[in-house]
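Remember, it's 1-based here, ligands and their atoms both numbered in the order they're listed.
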Amino acid sequence: MCGIVGYLGDKDPKDVLLGGLKRLEYRGYDSAGVAIHDGTTFKRVRASGKLSALEEKLSNESFSGRIGIGHTRWATHGEPSERNAHPHKVGPVTLVHNGIIENFHEIKEDLKSRGAQLASDTDTELVAHLLNEEYQVTKDLRKAVERLIPLIRGAYSIVAVSEDQPNKLVAFKEGPPLVVGSSRKEVIIASDVQAILDHVQEVVYLEDDEVVEVDGTDVKFFSANGFPIRKESVKISWSADQMEKHGYKNFMLKEIFEQPRAVAAAIDPHIDLNNYRVALNRVGFGVDSVEKLDSLNFEDDLKNTIEKLSGIERIFIVACGTSFYAGMVGEYLLESFAEIPVEVDIASEFRYRDPVIPKNSLVIVVSQSGETADSLAVLRQVKELGALTLSICNVKRSSIDRESDGHLYMNAGVEIGVASTKAFVSTLSVFHLFSVFLGRVRGKLTEAQEQEYTQSLVAVPSLMESVLVYDNFFAEVAKTLKTFRGFLYMGRGVNYPIAMEGALKLKELAYMHAEGYAAGEMKHGPLALIDDRMIVMMMVPSDKHYEKSVSNLQEAKARGGVVISLGTGENTELKEMSEHYLSLPKAHWSVNPILEAIPVQLLAYHVADALGHDVDQPRNLAKSVTVE
Ligand code: G6P
């Protein structure tokens with residue numbers, strides 16, 4: 001987590017760094033800081049809390065230099081406070097860091113035994129001490145970095161400057177991403193492209209064990225042991241305009257309303273609207289670099305994809321958070337449409353449980369950011385074990401995208417709200433079309449079935465529009481809902497993961513107790529929780545589970561639970577049983593989760609908003625979890 005920026009150029013570094021940090025604040029918001037050259041020295045200004053506190057502190061500061069580094073923090077070592085805020089400075093060396101230094105303890109003991117004075121509780125300061133020691137030997141920042149790298153272990157990306165070389169930025173990474181954008185007049189290094197795209201339109205992605213040295217506007221890349229390397233720059237596909245709120249109160253609400261467009265963008269490249277058949281577009285299995293995907297021949301790549309997938313006998317889906325719940329929906333769809341065994345797991349569990357991956361397995365890693373540490377670790381692990389891998393990412397050229405064998409994209413556009421919304425429905429859509437495609441490849445679906453299912457997916461964006469009208473309803477009832485003791489979300493079959501996602505959204509945003517349950521499990525525990533201070537939100541669409549779900553709803557109601565039900569069309573039975581009945585448009589069972597996602601998001605959003613919480617930046621969370 002944490003966001004880092006480095007700048008050297010003709011603009012005022014204060015403005016560029018603050019602008020960049022604003023774009024990176026989704027990565028952490030426990031504290032923020034900058035170090036900017038003021039003509040004689042790098043002056044540090046740091047503040048605990050959100051970036052606005054730093055902005056306030058900097059409002060009367062000006063700097064004559066043209067170089068600086070900045071950081072927005074998600075605390076790992078050391079509480080959120082000004083003394084633990086980055087940048088950290090030791091001697092002439094100042095640096096910012098994203099990640100975790102795993103040999104923290106060892107380094108700390110060693111430094112202490114040599115009399116080092118520590119000014120913070122962070123692992124980052126230890127790196128600054130080590131870098132300073134190496135700098136005293138080499139008197140050159142890049143060479144000092146080369147000597148530092150073998151001394152630290154863990155996941156990190158770091159940008160460093162030195163008082164003695166005020167025209168130089170040096171950055172290096174192992175794990176968390178770093179991108180470098182440059183023009184003839186400026187160079188900017190950041191944790192991701194969002195912090196850069198106001199300034200340059202092309203970037204170079206730094207790989208692990210690579211070092212970049214910026215000297216003036218001369219940018220040179222090196223391997224960790226000092227050999228010069230050549231790197232190609234790529235065009236950024238997102239625009240700065242996508243990062244504006246466009247009149248919405250916050251990003252999350254805007255992103256909820258963008259969902260019909262997100263679904264359309266996710267499925268559009270893969271569906272032939274003349275005959276409603278799915279043809280996965282440039283998955284690129286076996287292509288050695290994602291940069292080459294666009295230039296692949298569509299027909300050849302499709303043949304290759306079919307060949308690769310036809311040998312698959314088992315699928316594993318691995319992800320974290322909301323992406324994991326999207327994976328759970330994927331399991332239902334894949335087993336039903338493609339009749340293939342599927343296992344879904346949380347990345348942080350999967351990677352440590354000695355997973356058995358049989359021959360001919362496909363592992364699908366789902367990640368909006370493409371940087372989640374546990375998901376990335378699973379990808380690397382299963383590749384070692386010989387599995388074929390496929391990623392479903394939103395951020396193109398992210399680590400997971402770049403390292404997987406095959407690539408599908410959410411195409412949701414920039415998602416800024418920390419709690420994922422539009423990337424979730426995009427992923428459900430990608431799973432839907434992938435399941436239909438695999439069903440055909442495996443000979444499990446007739447052409448007519450393929451067309452029917454695809455048509456129902458194509459219809460979803462306009463159906464979603466009609467569900468978004470519940471925004472007003474939830475804005476109204478949130479005032480009452482926020483007074484309840486807890487929320488129980490329930491569903492059966494493909495609707496069950498939406499119950500899980502609904503509970504997660506409420507926890508993330510409203511900080512209220514919520515649980516998602518398979519409705520059939522109610523009698524095995526959750527029924528005991530139900531009384532008149534508990535909201536029971538039940539997904540009860542008109543599908544094969546309908547009658548059983550209605551019985552579960554009766555049981556909840558009989559125990560005093562206050563029921564909100566989501567059903568299909570006009571349904572007097574559900575209306576009578578529920579405090580609030582929300583009617584969803586009639587749709588194929590396989591796309592109901594996409595429609596149900598909207599009310600559960602709106603409920604969490606409005607309850608959190610009514611409680612006065614910052615919905616875009618919930619406490620203690622970060623959007624991109626690049627540490628374990
Ligand atoms: C964090 C975010 C969630 C997200 C999860 C997985 O917890 O707050 O919204 O679902 O990470 O992220 P990923 O980028 O891998 O989908």
Would L621 count as a contact residue for ligand 1, given that I'm defining contact as a non-hydrogen atom of the residue lying under 4.0 Å from a ligand atom? no
Does atom CZ of R261 have more than 12 heavy-atom neighbours, drawn from other residues, nucleotides or ligands, at distances under 6.0 Å? no
Could you identify the single nearest non-hydrogen protein atom to atom 6 (C) of ligand 1 and state the distance to 0.1 Å? C320 O, 3.4 Å
As an exercise, identify every atom of ligand 1 less than 4.0 angstrom from a heavy atom of S323. 10 (O), 13 (P), 16 (O)
To the nearest 0.1 Å, how far is atom 4 (C) of ligand 1 from its closest protein heavy atom, and which atom is that? T322 N, 4.2 Å
Check whether any N or O atom of S369, backbone or side chain, sits under 3.5 Å from an N or O atom of ligand 1, and answer yes or no. yes
shortest atom 15 (O) of ligand 1-to-protein heavy-atom contact is with T372 OG1, 2.4 Å
Taking the six-membered ring for Trp, is the centroid-to-centroid distance between H270 and F434 below 6.0 Å? no
So which protein heavy atom does atom 11 (O) of ligand 1 come closest to, and at what separation? K623 O, 3.6 Å
Per the side chain to side chain donor-acceptor pair (under 3.5 Å) rule, what does the pair list look like for residues 409-426, sequence neighbours excluded? E258-K422, D401-Y409, E415-S420, E415-K623
Can you tell me the protein heavy atom closest to atom 7 (O) of ligand 1 and the distance? V625 CG2, 4.0 Å
Y248 ring center near F257 ring center (under 6.0 Å): yes
Considering only heavy atoms, which of D374, I392, V366, V418 lies nearest to atom 8 (O) of ligand 1? V418
Identified side-chain contact (heavy atoms from CB on, under 4.5 Å) counterpart of F316 within the set V382, I357, D345, V344: I357
Is the cationic atom of R619 (NZ for Lys, CZ for Arg) positioned less than 6.0 Å from the six-membered ring centroid of Y511 and within 45 degrees of its normal? yes
Should the ring pair Y489 and F487 be called parallel, tilted or perpendicular, given that the plane angle runs from 0 to 90° and is split at 30 and 60? parallel
